Amino acid sequence: MVNLFKHAKACTTAFAVAAASFMTAGHATAADDTITIGYAVALTGPNATGAGISTVPNYRLWVDQVNGEGGIEMPDGSRKMIEVVEYDDRSSNEDLVRAIERLASQDKVDLILPPWGTGANLAIAPLMARFGYPQLAVTAVTDKAPEFAARWDRSFWMLGGGHDYATGLVDVLAQARDAGTINNKIAAVSVADGFGIDLIKGARPAFEEAGFELVYDESYPLGTSDFAAIMSEAQASGADSFVAFSYPPGSFGMTKTAQAMGFNPKVFYISVGGAFPIYPGIADGKADGVMAIGGVDGTSDSVKAYFDAHTAFVGNPPDSWASAVTFASLEMLEQAIGRVGLDHGDLAAELSNGTFDTVIGQVKLEDNQLRDLWTVGQWQNGAFVGVGPADKTGAAAPVIPKPEW
Amino acid sequence: MFVTILILGLVLGGTYALLALGLTLQYGIARIMNLAYGELTLAAAFVLVALMQGFGISPLLTVALIGPVGYVVGSLLYTVMMKPLVARSSGGKLDVDSILATFGLLFLIQGVLLLVFGPNFTSISYLDKGVTIFGVTVALNRLIALGICVVVGGALVIALATTRWGLALRAVAQTPTSAPLVGLDVNKVARQGFALGTALAATAGATVAMYQTFSASGGVVFTMKALVIVIMGGVGNVGGALAAGLLLGLVETFVATAIDPGLTLAATFAIFLLVLLFRPQGLFGKA
Amino acid sequence: MKYVIYPVALALLAAVPFVASDYALGLLIGMVTYVTLASAWAMFSGPTHYVSLATVAFYGAGAYVVAMLNEVMAYPMILLITAGVGAAMALVVGLSTLRLAGVYFVIFSFGLAELIRQLITWYEINIYGTLGRYIFVDITARGIYWQMLALAAITIGLTAYINRSRLGLALRVIGDDEVVAAHSGIPLARMKLMAFVLSATILTLAGAIASPRWVYVEPAIVFNPTVSFLTVIMALFGGANRLWGPALGAIPLFLAFEYLSAHFPDVYPIFLGALFIGVVFLFPNGVLAGIEGLRRGKKEETA
Amino acid sequence: MSLLTIDKATKKFGGLTAVDGVSFSLEQGEILGLLGPNGSGKTTLINLISGALPMTSGDTRLNGVSLAGKRADQIAHAGVARTFQLVRILPSLSLMENVMITAVFGAKSHWGQAAKDTAMTALGRVGLADRATASAGSLTYIDQKRLELARALAAEPEVLLLDEWLAGLNPTELAQGIALIRELSQSGLTILMVEHIMEAVRALCPRVVVMNSGSLIADEATQSALNDPCVIAAYLGDSADA
């Protein structure tokens with residue numbers, strides 16, 4: 001559960017740090033013993049919720065850690081402290097684009113970290129390409145990642161596409177069905193937004209191919225707050241598996257509604273929000289067995305260390321999907337700088353071809369994309385762990401049927 | 001299926017109606033179209049969660065106690081912010097002024113909420129138990145909201161219709177210019193109306209916190225929903241708002257169950273716009 | 001004299017990109033965009049006092065038209081179609097809503113952006129089959145700036161022309177008293193509709209021109225209600241009844257917001273809120289009128 | 001043919017009939033008084049003629065052309081101008097602009113210098129010509145009334161509807177006002193005036209029509225109407241207000 005007071009404190013401190021760091025940003029580039037890193041993310045507006053979980057805390061944590069170790073190591077073994085230039089894009093792509101122009105042409109920062117969101121990352125991609133900065137887009141889920149990686153050759157796409165997650169889920173469900181644990185009926189709902197539509201479009205043919213029958217398949221508008229009608233329809237559909245391609249308000253609302261009405265499908269799958277640290281609190285401590293998008297290696301020590309560090313620095317653990325990947329992308333950047341320095345072309349080449357040790361294990365990009373991803377996770381014994389793909393190192397066995405609420 | 005729609009719809013409608021009661025009072029009596037209404041409800045929701053997590057205070061206690069707090073806040077707001085506007089202008093100019101001023105208030109409260117509570121989604125689990133009525137399971141916390149709505153709304157309707165105080169409120173609501181002629185202190189009555197509206201907004205917000213996920217930037221959604229209901233019920237018409245809220249719940253549930261969940265919001269807006277265009281006095285008002 | 005000053009000033013502004021940095025150009029684009037939006041908004045809402053919160057409904061629609069058509073036709077053609085779409089939308093909306101008075105019109109316009117967003121979402125999902133479109137148009141930031149500058153000049157020029165025309169007089173009368181307007185022989189509906197359509201067409205075009213900078217559009221991104229709010233406050237801040245009022249409101253506020261988002265991101269909404277309240281209380285007719293009032297007061301004192 | 005004919009004009013508000021089958025007519029150049037106790041439907045009738053309210057049934061004809069169902073601006077354009085019982089000026093406009101609008105949007109559709117000339121002439125007739133550029137918001141009550149009349153005159157109307165234009169004036173102003181209306185009438189303008197001030201009615205109107213409870217109860221020469229028992233009863237029945 002979020003501790004509101006603690007959060008407020010963390011927020012003000014972070015704000016003070018950011019403000020202080022900005023004051024010095026103007027002449028920072030002149031100094032040789034620092035490197036300036038800039039980013040523009042949503043600190044206010046509708047995107048602030050997403051950025052506030054997956055992006056901003058990780059950026060701040062990483063900078064804190066690196067500077068705590070004396071700075072980023074350069075190829076010659078020297079270390080440079082990181083100075084941060086942080087802007088608020090107010091959840092508007094127009095403001096975001098301008099902020100990137102500002103970082104690149106006014107502040108002349110050494111590196112630019114990406115914003116939160118698919119649309120935001122796409123909006124800045126042409127600019128980043130024009131200025132030559134490498135762009136490690138994490139919080140951008142798009143099936144067109146291969147196209148984009150080819151279009152802007154210094155862009156890297158780290159979180160896959162809707163199709164990956166949809167087929168990953170179908171694989172997990174197909175195994176359970178083949179084992180006779182669940183029937184072949186699926187009730188699916190999707191949020192009427194780019195993300196939800198991408199996923200359901202990927203899932204429909206995948207379900208069909210695997211021999212599943214979609215007995216309930218509806219989308220609901222962004223902003224829906226009441227799920228009683230949808231959930232009672234899903235319950236009446238006779239499906240053993242409930243699948244929601246949803247955003248946090250929907251994921252949370254459906255969980256509560258299912259609990260209240262005693263809807264106990266054998267598989268209960270939700271999307272964004274399911275891997276958030278506040279989820280078990282929302283599920284009234286009964287999160288075990290709930291599946292959701294994403295996941296981390298539950299057996300990995302580095303993941304555990306990362307979670308502890310995040311909790312200590314921010315006040316709450318990270319989410320178990322995009323956060324770890326975000327942090328890993330920063331570690332990649334750090335290691336790439338250590339190998340080739342700050343030249344953008346060399347950095348991009350190294351990111352593209354190199355192999356990196358990160359919290360999520362050894363990472364090697366394929367065609368500028370991270371393909372070795374957790375697609376399905378599940379709450380098991382109070383932790384959210386990756387269960388699919390089943391052949392991925394550290395994959396836990398899915399618990400199906402889910403224990404009743 | 002009919003029973004399901006009826007019960008789910010009424011429960012949902014109850015939460016909607018509760019949300020709209022305060023707004024209709026504020027505009028009906030105080031003539032202030034308060035666009036910061038949703039932020040006021042949000043503030044109450046955050047207070048409930050903070051009290052529960054920080055001090056272990058039972059949400060139900062907060063729901064009971066936040067009304068009076070809201071009344072005081074509303075009274076202050078009216079005196080400091082709205083009264084000068086009312087004193088300066090009336091009619092259409094007041095409408096525009098109050099909309100712009102409360103717009104400012106909207107951002108102000110939102111900014112403070114962001115600063116204090118952060119941008120993240122907030123959600124608690126409280127009384128998420130199911131209760132079965134005629135074979136349909138509904139969440140207890142939503143049922144409580146419906147109960148509060150029926151009790152408070154019913155009491156308001158009766159009080160407005162039968163008491164001296166209610167008569168004064170109605171007199172000011174109908175003809176603010178001639179109310180002083182019969183010895184009514186219009187400013188006082190308007191302040192009471194605005195404060196009462198704020199109290200209801202706070203109560204509704206605290207109730208919302210029990211069953212819904214919310215974040216600091218989501219207040220406008222509540223304002224929009226309340227506005228739709230207020231317009232449907234007829235501005236200033238408490239009974240109308242109650243009926244319209246329940247009706248909207250039924251319609252949304254019907255559309256989600258029988259037609260397509262994707263069209264629930266579209267249906268809401270369609271009804272809203274049709275009422276605005278053809279019966280701006282509301283579904284239940286006189287022509 | 002002004003027939004010399006204005007073209008020269010415009011030419012100078014048009015030449016700025018040759019010396020400005022990318023960021024300065026970005027700032028200019030933003031500034032000119034809001035000058036256009038606020039001026040176009042004031043074209044209708046200034047004299048009539050019909051406060052419209054529907055700016056983003058048109059601005060966003062313009063962007064969406066570009067997103068839908070950028071792969072199938074040439075850019076100038078798209079702009080023409082955008083203007084047509086904006087005018088048609090405004091005609092439909094105007095015909096049905098301009099008889100609503102005061103608060104009802106405000107509420108309606110508040111809901112309109114949301115309605116259009118819902119309709120486009122529904123259309124994209126059910127007819128087009130997916131949500132989110134890409135704009136890959138070969139237009140540079142300079143190109144966008146020049147187009148927006150031209151649109152701003154047209155908007156202000158058109159406002160000046162309207163102010164001196166029958167339409168302008170009719171709108172001012174309507175803003176003061178619709179009953180008198182009608183009894184003076186002013187066809188209320190036609191006059192309001194004309195101004196509304198002109199204003200909305202410009203807003204739609206502004207969205208179309210600005211959109212290539214976004215690359216990817218989705219209803220939630222495009223129909224950002226903040227655009228409507230900022231437009232209103234900028235126009236009112238400068239003075240919606242004056243030719244240069246909206247522009248003079250837009251530029252300082254835009255720069256102030258830019259400064260805040262860099263230095264005090266967390267207090268930006270608080271500042272915006274305080275500004276709204278301050279304008280309503282201190283400058284009900286805009287800063288320009290406020291300054292004039294002060295000056296007049298001083299003159300009278302000294303006289 | 002009469003210039004303006006009111007034919008069975010009827011207005012119902014829900015169950016209440018405010019104007020009930022009223023018929024009368026005005027000849028070219030005539031000045032006719034419309035009398036009746038408060039609430040008898042006089043202003044409603046003026047509103048029906050000027051198009052401020054739509055008729056429930058009945059018709060008005062100007063020069064034989066039906067005005068029923070027309071909007072206020074169309075009726076104004078056809079040549080009917082009016083003043084309002086509660087004076088309505090446009091405070092944010094100058095006197096010149098206040099008056100010019102009817103010249104611009106009235107029957108003649110003047111523009112540019114012609115509109116200004118028409119407006120100046122109208123302002124001159126009511127004695128406000130020297131203050132043409134002042135803001136209308138700064139005027140005294142009597143000057144606001146004058147301004148409103150000037151606005152009606154600048155429309156160069158065929159029929160002028162005056163709704164208690166003389167109410168609220170002091171004796172000196174009243175004498176001026178009566179003289180002004182007489183002058184307008186003598187210049188050939190057709191006038192229908194609602195008036196409570198009997199002194200003015202006697203001085204200006206050879207003929208009156210009288211309404212009570214929405215119906216027409218008298219249409220005759222002023223002297224005989226004021227002695228008509230029906231009319232007296234109507235006024236006495238409502239003596240508190242009359």
Side-chain angles (χ1 to χ4, degrees), chain C residues 42 44-51 95 98-99 101 160-195 236 239-243 245 283-286 288-290 292-293 295-297 299-300, chain D residues 46-47 49-53 70-94 96-112 115-116 119 122 135-137 144 147-148 150-157 160-161 163:
Chain C
F44 169 73
S45 296
T48 61
H49 302 142
Y50 275 71
V51 173
L95 277 175
L98 286 177
R99 61 201 173 88
Y161 174 76
I162 288 176
N163 282 350
R164 272 181 262 152
S165 73
R166 283 165 195 263
L167 177 59
L169 181 63
L171 293 175
R172 286 201 299 281
V173 177
I174 289 170
D176 259 15
D177 191 331
E178 291 206 2
V179 175
V180 170
H183 283 93
S184 303
I186 297 174
L188 299 181
R190 201 194 314 155
M191 291 293 170
K192 286 193 276 187
L193 204 58
M194 267 167 74
L236 292 178
N241 271 321
R242 283 150 198 275
L243 179 60
F283 303 109
N285 297 314
L288 274 187
E292 249 170 48
R295 217 188 277 155
R296 208 178 301 135
K299 249 186 219 158
E300 271 163 26
Chain D
I46 295 287
N47 283 339
I49 299 171
S50 73
L53 295 170
K70 294 248 168 78
R71 293 188 314 263
D73 60 287
Q74 293 168 317
I75 292 172
H77 210 78
V80 178
R82 71 171 289 183
T83 66
F84 295 89
Q85 187 179 6
L86 299 167
V87 63
R88 300 183 95 126
I89 52 144
L90 307 168
S92 69
L93 273 60
S94 70
M96 176 61 129
E97 288 173 315
N98 256 279
V99 175
M100 202 169 80
I101 56 173
T102 50
V104 172
F105 297 100
K108 305 273 165 62
S109 297
H110 295 300
W111 185 240
K116 282 184 186 152
S135 162
Q144 291 186 8
L147 179 63
E148 208 185 22
R151 186 173 66 213
L153 293 176
E156 300 170 272
L160 176 63
L161 310 174
D163 195 351

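In the text below, chain A, chain B and the rest are named by the order of the sequence lines, each starting its count at 1. If you're wondering where the values come from, they're calculated on a predicted model, not measured in any experiment.
The choice from D/H77, D/R82, D/Q74, D/R88 that makes the most heavy-atom pairs within less than 4.5 Å of chain C is D/R88. Comparing D/S92, D/G106, D/A154 by how many heavy-atom pairs each has under 4.5 Å with chain C, the most go to D/S92.
In this structure, chain C has no heavy atom under 4.5 Å from any part of D/A81. Neither the backbone nor the side chain of C/A181 comes within less than 4.5 Å of any heavy atom in chain D.
Looking at heavy atoms from C-beta onward, C/I174 lies out of side-chain contact with C/P47 at the 4.5 angstrom threshold.
When every heavy atom of D/A136 is checked against every heavy atom of D/L90, the shortest pair comes out as CB-O, 3.5 Å. Closest non-hydrogen pair, C/A195 versus C/L171, comes out as CB-CD1, 3.6 Å.
From D/L160, atom CG reaches atom CG of D/L153 across 6.0 Å, with rounding to the nearest 0.5 Å.
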